[in-house]
Amino acid sequence: MSVTITFPDGSERRYDSDVTGAEIAASIGPRLAKAAVAVKLDGVATDLNRAIAQDGMVEIVTEDSEEGRHVLRHSAAHVMAQAVLDLFDGAKFAIGPPIADGFYYDFEVEQPFTPEDLERIEERMAEIIAEDQPFERDELSVAEALDVFGNQPFKTEIIESVDEQEGAGGSEVSVYRNLEFVDLCRGPHVPSTKRLKAVKLMRSAGAYWRGDENRAQLQRIYGTAWESKAALAAYLERLEEAERRDHRKLGQELELYSFPSELGSGLAVWHPKGGLLRTIIEDYSRRTHLAHDYEIVATPHVAKADLWQQSGHLDFYAEGMYPGMVLDETTEYRMKPMNCPFHILIFGSRSRSYRELPLRLFELGTVYRYERSGVIHGLMRARGFTQDDSHIFCEEKDIAAELQNLLDFTLMVLRDFGFTEFEADLSTKDPEKYIGSDDLWDKAEDALRLALETAELPYEVAEGEGAFYGPKIDVHVRDAIGRRWQLSTLQVDFAQPDNFDLLYASDHNTRERPVMIHRALMGSIERFVGILVEHYAGALPGWLAPVQATIVPVADRHVAYASEVAERLHTEGLRIDVDAADDTVGEKIRRAITQKHPAVLVVGDSDVAAQTAGLRLRGEDERRGVALDEVAASLVELCRAPR
RNA sequence: GCCGGGGUAGCUCAGUCGGUAGAGCGACGCACUCGUAAUGCGUAGGUCACGGGUUCGAUUCCCGUCUCCGGCUCCA
């Protein structure tokens with residue numbers, strides 16, 4: 001008997017029946033055999049040592065692919081559990097999947113793991129790996145499995161719930177053994193533990209069983225595993241790079257903002273340089289909105305609780321709001337967690353005509369949300385922040401055109417700030433929970449889809465993930481080190497116009513309900529600044545840099561000339577500092593560079609004589625003796641705002 | 001909110017097995033007047049997060065609060 005195997009390139013080979021993936025890989029080449037960690041048979045990943053009994057498509061999964069690393073990490077998770085069960089008597093193990101860049105395993109143990117425990121576990125894992133223990137697959141009946149895992153309550157629960165993800169499907173469950181250690185698992189795994197060449201434990205943390213905070217709190221250990229020591233080192237370097245870019249650290253070093261504990265958690269103060277950066281961004285936001293036919297409004301930070309009752313926020317969102325302030329023992333006020341009700345009141349302040357629509361109200365609106373203490377993270381997740389928020393009131397027939405324009409506007413803004421890679425999520429109707437007619441939903445979803453396709457934006461549909469009041473698009477960007485951030489959100493809302501009984505007079509003089517679009521492009525100014533700082537590692541482009549150039553006088557006698565040069569450049573609208581401190585030239589240059597200023601000018605005797613300066617642009621070598629006009633032209637070009 | 005780990009000078013950190021503390025950088029002063037990523041010397045600067053307890057004595061041990069970090073959960 002023989003089987004015909006088809007490869008991804010379309011070629012075919014015949015093998016003896018019951019050939020294994022390992023043998024197929026070996027028949028193709030020794031390098032492939034060495035790199036193989038699993039095999040995909042008709043798209044389903046399985047172990048290298050399983051016999052293939054029928055014709056099919058075969059793809060060898062190698063350790064340097066994402067799928068291959070997945071296998072490595074899954075196997076590493078087993079080895080970690082094995083080590084923990086070896087070292088900690090009575091430890092119960094729960095689940096241990098591969099995740100992006102690593103893996104984890106959850107345990108129930110007497111005491112939380114200490115850093116020293118992690119070292120011991122890592123050492124034990126190294127021993128297990130060195131022993132080259134084979135991973136062997138076995139299929140057990142439910143009864144057998146319950147017997148094997150009799151003293152493991154989490155495993156028992158998985159078996160009883162017949163969780164296919166964890167290897168328990170139908171009447172059989174699959175398990176993997178290496179030596180005495182056995183775990184429920186769907187596989188596949190590497191053939192033996194020695195294939196794990198670069199494994200490192202990262203940290204431990206609390207986590208809930210099944211992610212449910214009402215259930216047992218387990219101890220999770222995170223680890224990472226890679227195909228080689230070099231790949232592991234590169235990953236650790238990436239983590240360090242992310243740490244170097246941390247906007248909380250850079251914000252302090254560059255004197256942009258801080259979080260005084262006297263204010264309370266999640267509340268930032270903006271120092272002069274950060275305040276300037278913010279102002280530049282806000283000015284950009286206002287002028288581009290005005291240019292796109294938005295009208296700027298302003299609204300207060302508090303409002304009567306009744307308003308939030310009417311908008312529904314107090315029913316659905318009370319936990320996220322600051323508590324009430326009762327005035328005169330009768331009236332309760334709340335900090336605003338959103339701007340929409342205010343904009344709605346402006347719309348409803350008088351009768352509206354179809355001639356005014358779409359009516360686009362824009363506000364840099366500062367809102368306050370009582371985020372749970374554990375989730376606060378610098379500017380990324382704060383309790384007070386300013387949205388570049390707008391509510392667009394339009395006729396049903398205009399939704400498509402409006403969304404189209406809006407998405408174009410959104411991408412323009414994101415590109416202006418230097419982002420080039422975008423991905424979107426389209427969240428659609430949850431058939432269980434929605435308001436508004438199916439027809440309206442279909443129209444809105446079609447309009448969102450069309451807008452995405454016209455903009456050639458790659459997107460994924462999140463089926464049923466829309467809010468009950470309408471579908472939405474979220475736009476994500478990739479930053480300089482490949483991280484994904486959600487920035488913009490465009491939401492269609494069929495509910496609030498109803499809640500507030502908004503009407504306009506149509507061209508037939510009938511009263512019609514407008515459709516509302518909520519949208520924020522940067523999302524929150526605070527968070528946007530945080531993301532920019534991390535994206536640029538603090539080295540902001542010229543137009544955003546609070547100080548665009550520092551002038552360094554070589555000696556005291558050059559300070560006057562330095563000030564003249566600064567004056568000259570100020571007239572071009574440039575933001576220039578003169579560093580007249582009593583330090584060496586080297587020290588002042590170092591200071592300007594570590595402060596990430598886009599340009600440094602050095603002026604000495606020869607520059608005074610020739611009306612020139614030494615010009616050193618970020619990342620470039622210095623040019624000596626550049627004429628001031630050329631310096632000015634060069635800096636103006638470097639610091640030009642996108643619009 | 002939950003689990004774990006922290007909070008010592010402006011910053012980064014060391015230290016005190018319970019007897020009220022130290023470095024580097026920064027700041028300030030003096031000298032130097034200097035041409036490309038740290039000039040030298042000196043000085044000041046601390047309720048050891050806050051409140052309570054134990055103790056002859058607490059920055060150190062215990063409890064509580066605030067706050068930060070890493071996760072979990074959450075982000076209408």
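Everything numeric here is computed off the predicted structure, so don't read it as measured data. Naming: A, B, ... by sequence-line order, numbering from 1 per chain.
Distances shown here put a side-chain N or O of Gln252(A) below 4.0 Å from the OP1 or OP2 atom of U12(B). At G1(B), one or more side-chain N or O atoms of Ser373(A) fall inside 4.0 Å of OP1 or OP2 (strictly under the cut-off). Close to G26(B), at under 4.0 Å from its OP1 or OP2, lies no side-chain N or O of Arg591(A). Distances shorter than 4.0 Å separate some side-chain N or O of His377(A) from OP1 or OP2 on G70(B). In this model, the phosphate group of U39(B) is approached by a side-chain N or O of Thr584(A) to a distance below 4.0 Å at OP1 or OP2. Contact between the side-chain N/O atoms of Tyr317(A) and the OP1/OP2 oxygens of C75(B) is not found at any separation under 4.0 Å. Note on Arg210(A): every side-chain N or O is 4.0 Å or more away from OP1 and OP2 of U73(B).
The side chain of Arg372(A) lies closest to G1(B) when the candidates are A38(B), G1(B), U67(B). Distances were taken from every side-chain heavy atom of Arg624(A) (C-beta onward) to each of G70(B), G1(B), G35(B); the shortest belongs to G35(B). For Arg616(A), the side-chain atoms get nearest to A37(B) when compared with the rest of A76(B), C2(B), A37(B). Of the candidates A37(B), C72(B), G70(B), the closest approach to any side-chain atom of Arg220(A) belongs to C72(B). Closest contact between the side chain of Met338(A) and the listed nucleotides G26(B), A76(B), G70(B) involves A76(B). Looking at the side chain of Ala467(A), the nearest of the listed nucleotides G35(B), A37(B), A76(B) is A76(B). Side-chain proximity of Ala555(A) to the nucleotides G70(B), C74(B), U33(B) is greatest for U33(B).
Both the sub-6.0 Å distance and the 45° axial angle are not jointly satisfied by Arg220(A) relative to the ring of Tyr208(A). In this structure, Arg73(A) is positioned above the aromatic face of Trp226(A), its NZ or CZ under 6.0 Å from the six-membered ring centre and within 45° of the axis. Taking the ring centre of Phe422(A) as origin, the terminal cationic atom of Arg478(A) falls outside the region bounded by 6.0 Å and 45° from the ring axis. Stacking of Lys92(A) on the aromatic ring of Phe107(A) is not recorded, the 6.0 Å distance cut-off and the 45° axial limit not both being met.
Taking only distance into account, the side chain of Asp582(A) meets the base of C32(B) through a donor-acceptor pair shorter than 3.5 Å. Side chain Asp605(A) to base G35(B): no donor-acceptor pair is found below 3.5 Å. Evaluation of atom-type donor-acceptor distances gives a pair under 3.5 Å for the side chain of Tyr208(A) against the base of G1(B). For G71(B), its base never sits under 3.5 Å from the side chain of Ser204(A) at any donor and acceptor pair.
Counting heavy atoms of neighbouring residues, nucleotides and ligands inside a 6.0 Å radius, atom CD of Glu460(A) does not exceed 12 of them. For Asp89(A), the CG atom sits in a loose shell: 12 or fewer heavy atoms of surrounding residues, nucleotides or ligands are nearer than 6.0 Å.
The partner of G46(B) cannot be assigned: no Watson-Crick or G-U wobble pair with both contacts below 3.5 Å exists in any strand. With a cut-off of 3.5 Å on both Watson-Crick or G-U wobble distances, the partner of C30(B) is given as G40(B).
Going from the P atom of C50(B) to that of G7(B) covers 13 Å, rounded to whole Å. Distance check on atom C1': C72(B) versus C62(B) gives 29 Å, rounded to whole Å. For the P atoms, the distance from U8(B) to G15(B) is 14 Å, rounded to whole Å.
In this structure, Arg381(A) reaches the bases: a heavy-atom distance under 4.0 Å links it to at least one base atom across the strands shown. Tyr222(A) comes within 4.0 angstrom of the backbone, heavy atoms only, and of no base. Across all strands, Gln219(A) comes closer than 4.0 Å only to sugar-phosphate atoms, never to a base (heavy-atom distances). Looking at heavy-atom distances under 4.0 Å, Gly586(A) makes contact with sugar-phosphate atoms alone, never a base.
Of the candidates Leu403(A), Ile399(A), Leu406(A), Ile392(A) forms a side chain to side chain contact (heavy atoms under 4.5 Å, CB included) with just one, namely Leu406(A).
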